[in-house]
Amino acid sequence: MTYLHHPVLAEAVAGATAGVHRAVDGTLGGGGHAAQLLAAGAQVLGIDRDPAAIAAAVERLGHAGIGYHTGNFGSGPALERIRDFHPDFILLDLGVSSPQLDAETRGFTFRPGAPLDMRMAADGATAADLLNRAPESDLARVFHEYGDERRARSLAREIVRRRARAPLATSDDLVNAIRAVLGPRSGPGDFARLFQAVRIAVNDELAVLAEALPPLREALLPGGRLAVISYHSGEDRIVKHLFREWSRACICPPALPRCQCRGQPLGRLEPRQPIRPTAAETAANPRARSAILRIFRNE
Ligand SMILES: C[S@@+](CC[C@H](N)C(=O)[O-])C[C@H]1O[C@@H](n2cnc3c(N)ncnc32)[C@H](O)[C@@H]1O
């Protein structure tokens, strides 16, 4: 698999990494941002859940100035590596990489005949396992919460009806269920949105992110930055909410007469506003379209 990947929001990330000494790239992917960090003179710790991404990054970037860890950036072993590394910059560029999307056997897209896999790591339940085994109410929640689907309950019911006849096995099975519910006018945009919803559930992406952000911030040196690029409204909501809460001096419930919390901000948003790709970047790289970068600077 060729692992060439144009890093999203490369200039903004470069701006945030000026003077950085020790950077963690928690989502190494094609190694695009890591290459940028190395070129800027930083020591890098590259982490990815996907062993194929790590193997390709080793081939592309070698071992000079960079160490690797295969695993979830929020797992105990990864957090331990990160703490020991004493980073002054941590980057998360969430979601899946172009090579993962392009690999037919991984089943991340609705390309005909792809297996319903969608796992970023090599273990755990596949998309087929989820679609064939989860209770109808769980499927409805996945399509509603992660896919913003108005007809989530009908789609879940349709999947349960179909799987009683034969288990869903390929992308076509999911596409046909979507078409049956959304009608003949449904198209690639709907398939992409609903496949993404299943992928987020298969990899438990939102819970992983929400749990990982606090210990990642704590692992940063004073003055260090945590930069997160999100592609899904659910991801960005988690980042926005936590970064705002960390920026506040007091997080006590309003009913408390006197402040009993930390009483000072943990840092600040820098810049205050999120950064989005320019029209030129989106034209050159359509996958950057929904990207939002938020950066938090630790006190
Ligand atoms: C958008 S790509 C990153 C691209 C990379 N920044 C580049 O410039 O090439 C996201 C990568 O993060 C990995 N990933 C997603 N969630 C992860 C997690 N919780 N822990 C570790 N890796 C994760 C995916 O396997 C994928 O390779």
Side-chain angles (χ1 to χ4, degrees), residues 1-14 16-17 23-40 42 44-61 66 68-82 89-103 106-109 117-124 146 196 199-213 215-216 219 226-232 234-236 238-239 277 281 284-293:
M1 169 161 41
T2 13
Y3 245 85
L4 286 177
H5 178 84
H6 185 75
V8 169
L9 291 167
E11 275 183 28
V13 171
T17 52
V24 171
D25 184 342
T27 51
L28 191 59
H33 287 117
Q36 240 190 310
L37 291 162
L38 286 167
V44 176
L45 170 60
I47 298 175
D48 204 292
R49 265 172 127 165
D50 184 350
I54 295 283
V58 170
E59 202 172 300
R60 175 179 178 187
L61 303 172
I66 180 166
Y68 299 93
H69 179 86
T70 308
N72 178 345
F73 55 65
S75 67
L79 288 170
E80 205 175 310
R81 284 278 309 263
I82 294 170
F89 184 75
I90 299 177
L91 173 68
L92 303 180
D93 176 19
L94 300 168
V96 275
S97 64
S98 305
Q100 286 170 327
L101 285 168
D102 294 343
R106 306 292 295 269
F108 285 112
T109 59
D117 188 321
M118 304 199 196
R119 291 169 304 170
M120 287 182 188
D123 56 358
Y146 307 156
Q196 183 188 42
R199 189 205 83 209
I200 287 174
V202 164
N203 297 287
D204 202 14
E205 292 173 39
L206 300 190
V208 164
L209 178 65
E211 276 169 34
L213 287 176
L216 287 174
L226 174 56
V228 186
I229 304 176
S230 311
Y231 297 85
H232 180 268
E235 289 169 344
D236 186 54
I238 290 168
V239 178
E281 176 169 3
N285 180 9
R287 281 177 186 163
R289 197 177 40 232
S290 53
I292 299 187
L293 167 64

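Numbering of ligands and ligand atoms starts at 1, following listing order.
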- Query: Short N/O distance, under 3.5 Å, between Phe73 and ligand 1?
  - Reply: yes

- Query: With a cut-off of 4.0 Å, which atoms of ligand 1 are near a heavy atom of Gly71?
  - Reply: 20 (N), 21 (C)

- Item | Contact with ligand 1 for Gly74, non-hydrogen, under 4.0 angstrom | no

- Could you tell me whether the side chain of Arg81 and the main chain of Leu45 form a donor-acceptor pair under 3.5 Å? no

- Task: Could you tell me which atoms of ligand 1, counted from 1 in the order shown, lie closer than 4.0 angstrom to a heavy atom of Asn72?
- Result: 18 (C), 19 (N), 20 (N), 21 (C)

- Message: Under 4.0 Å from a heavy atom of Leu94: which atoms of ligand 1 are those, numbered in the order shown and with their elements?
- Response: 1 (C)

- Message: I want to know if ligand 1 touches Gly32 in the polar sense, i.e. an N/O pair below 3.5 angstrom.
- Response: yes

- Should you measure from each heavy atom of Ser97, which atoms of ligand 1 turn up under 4.0 Å away? 2 (S)

- Return yes if some donor-acceptor pair links the side-chain N/O of Glu281 with the main-chain N/O of Leu9 below 3.5 Å, else return no. yes

- Task: Consider every N or O of Asp25 and every N or O of ligand 1, then say whether any pair is closer than 3.5 Å.
- Result: no

- Is the closest heavy-atom distance from Ala34 to ligand 1 below 4.0 Å? no

- Heavy-atom contacts with Gly95 under 4.0 Å: which atoms of ligand 1 show up? List them by number with element. 10 (C), 11 (C), 12 (O), 15 (C), 24 (C), 26 (C)

- Message: I'd like to check whether Gly31 has a polar contact with ligand 1, where a contact means an N/O of the residue lying under 3.5 Å from an N/O of the ligand.
- Response: yes

- Query: Do any N/O atoms on Asp50 end up under 3.5 angstrom from N/O atoms on ligand 1?
  - Reply: no

- So for Asn203 against ligand 1, with non-hydrogen atoms under 4.0 Å, the contacting part is neither

- Which heavy-atom pair separates Ala57 from Leu28 by the least distance, and what is that distance? CB-CD2, 3.4 Å

- Message: Closer than 3.5 angstrom, by distance alone: can the side chain of Asp25 be matched with the main-chain N or O of Gly46 as a donor-acceptor pair?
- Response: no

- Query: Residues in salt bridge (charged side-chain N to carboxylate O under 4.0 Å, His left out) with Glu205, at least two apart?
  - Reply: Arg199

- Item | Glu205 and ligand 1 - part of the residue with a heavy-atom distance under 4.0 Å | neither

- Item | Atoms in ligand 1 flagged as close to Val96, the criterion being non-hydrogen separation under 4.0 Å | 1 (C), 2 (S)

- Arg106 (side chain) donor-acceptor with Met120 (main chain) under 3.5 angstrom: yes

- Quick one: does His69's side chain have a donor or acceptor within less than 3.5 Å of a partner on Gly26's backbone? no

- Item | Partner set under ring pair (Phe, Tyr, Trp, His ring centres under 6.0 Å) for Tyr68, not counting sequence neighbours | His63

- Message: How close do Ala210 and Ile238 get, counting heavy atoms only, and between which atoms?
- Response: CA-CG2, 3.8 Å

- Note on the structure: Under 4.0 Å from one or more heavy atoms of Gly26, ligand 1 contributes atoms 21 (C), 22 (N)

- Message: Would Asp48 count as being in polar contact with ligand 1, using the rule that some N or O on each side must be under 3.5 angstrom apart?
- Response: yes

- Could you tell me which non-hydrogen atom of Asn203 sits nearest to which non-hydrogen atom of Ala121, and how far apart they are? OD1-N, 4.4 Å

- Query: Can Leu79 and Leu216 be said to form a side-chain contact (heavy atoms from CB on, under 4.5 Å), step by step?
  - Reply: CA-CA 7 Å; Leu79 288 170; Leu216 287 174; 3.8 Å; yes

- Task: Please indicate whether any nitrogen or oxygen in Val208 is less than 3.5 Å from any nitrogen or oxygen in ligand 1.
- Result: no

- Task: Would you check whether Leu28 reaches within less than 4.0 Å of ligand 1, judged by its heavy atoms?
- Result: yes

- Using a 4.0 Å heavy-atom cut-off, say whether Met120 meets ligand 1 through its side chain, its backbone, both or neither. side chain

- Message: Could you check whether any side-chain N or O of Gln36 sits under 3.5 Å from a backbone N or O of Ala10, counting only pairs where one atom can act as donor and the other as acceptor?
- Response: yes

- Does Leu91 have a heavy atom less than 4.0 Å from any atom of ligand 1? no

- Message: Which heavy atom of Gln196 sits nearest to which heavy atom of Tyr231, and what is that distance?
- Response: NE2-O, 4.4 Å

- Near Gln100, which atoms of ligand 1 are under 4.0 Å from a heavy atom of that residue? 24 (C), 25 (O), 26 (C), 27 (O)

